[in-house]
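Input: a single structure, listed below in structure tokens.
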Amino acid sequence: MTNLQYAKVMSDDPSIQIELLEVMESYGEDKWWISDNADYLAYKQFQEDTMLVESHAWQKATEKLIGREISFLELKLNYREIKSEVLTAYDEKYNH
């Protein structure tokens, strides 16, 4: 799937598509938003201000990485705490 095709799937709004394309292009060949590695997808989305991943997929990837269920409301309300949990879990799993 090309970046343009992905942007069109994510939004019908041309201005949002342009924003998504600009962000996606900044990652070069690293198309983490379509990665089969859910851990990497969650890890990278928490480091990117622009949502490149559909919210349900992001939530499920986050749950898998941290090893517990979370509601989308919890994800939004406790974003900083969950981000810290995600970054720690990823580091422990892949960098130790």
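In this chain, numbering begins with 1 at the start of the sequence shown.
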- Message: Checking side-chain polar atoms at under 3.5 Å, does Asp13 have a donor or acceptor matched by the opposite partner on Ser15?
- Response: yes
- Note on the structure: To the nearest 0.5 Å, atom CD1 of Ile82 lies from atom CZ of Phe46 at 6.0 Å
- Task: Look at the side-chain heavy atoms of Ile, Leu, Val, Met, Phe, Trp and Tyr, link any pair under 4.5 Å apart, and say whether Leu73 and Tyr79 land in one connected group.
- Result: no
- Would you say the side-chain atoms of Thr88 and Glu85 include a donor-acceptor pair closer than 3.5 Å? no
- Task: Flag yes if Ile16 and Leu21 sit in one hydrophobic cluster, no otherwise; membership is Ile, Leu, Val, Met, Phe, Trp, Tyr, and two members link when side-chain heavy atoms are under 4.5 Å apart.
- Result: yes
- Query: Say you draw a straight line from CD of Glu69 to OG1 of Thr62; how long is it, rounded to the nearest 0.5 Å?
  - Reply: 13.0 Å
- Working to the nearest 0.5 Å, report the span between CG of Leu41 and NZ of Lys64. 10.5 Å
- Looking at CG of Leu52 and NZ of Lys31, how far apart are the two atoms once the value is rounded to the nearest 0.5 Å? 12.0 Å
- Is Arg68 paired with Glu74 through a side-chain N to carboxylate O contact shorter than 4.0 Å? yes
- CG (Asp36) with more than 12 external heavy atoms under 6.0 Å: no
- Would a distance-only check, ignoring hydrogens and angles, find a side-chain to backbone donor-acceptor pair under 3.5 Å from Gln17 to Leu20? no
- Message: For Tyr94 and Asp39, which I'm curious about, is there any donor-acceptor pair between the side chains at under 3.5 Å?
- Response: yes
- Sidechain-backbone polar pair: Glu25 side chain, Glu22 backbone, donor-acceptor under 3.5 Å: no
- Is there a chain of hydrophobic side chains (I, L, V, M, F, W, Y, each step under 4.5 Å between heavy atoms) that links Met24 to Ile18? no
- Under the ring-ring contact (aromatic ring centres under 6.0 Å, His included) test, which residues partner Tyr40, sequence neighbours left out? none
- Out of curiosity, does Trp58 fall in the hydrophobic cluster containing Met1 (side-chain heavy atoms, cut-off under 4.5 Å, transitive links)? yes
- Query: Which distance, rounded to the nearest 0.5 Å, do you find between the OG of Ser84 and the CG of Asn78?
  - Reply: 12.0 Å
- Message: Quick check: is Ile70 connected to Leu77 through a chain of hydrophobic side chains (ILVMFWY, heavy atoms under 4.5 Å apart)?
- Response: no
- Message: Checking Phe72 now: which residues fulfil ring-ring contact (aromatic ring centres under 6.0 Å, His included) with it, not counting sequence neighbours?
- Response: none
- Message: Any non-hydrogen side-chain atom of Glu48 less than 4.5 Å from a side-chain atom of Tyr27?
- Response: yes
- Could you tell me whether Trp32 and Tyr43 have their ring centroids closer than 6.0 angstrom? no
- Query: When you measure from the side chain of Gln45 to the backbone N and O of Thr50, does any donor-acceptor pair fall under 3.5 Å?
  - Reply: yes
- Query: Rounded to the nearest 0.5 Å, how far does CG of Asn3 lie from NZ of Lys8?
  - Reply: 12.5 Å
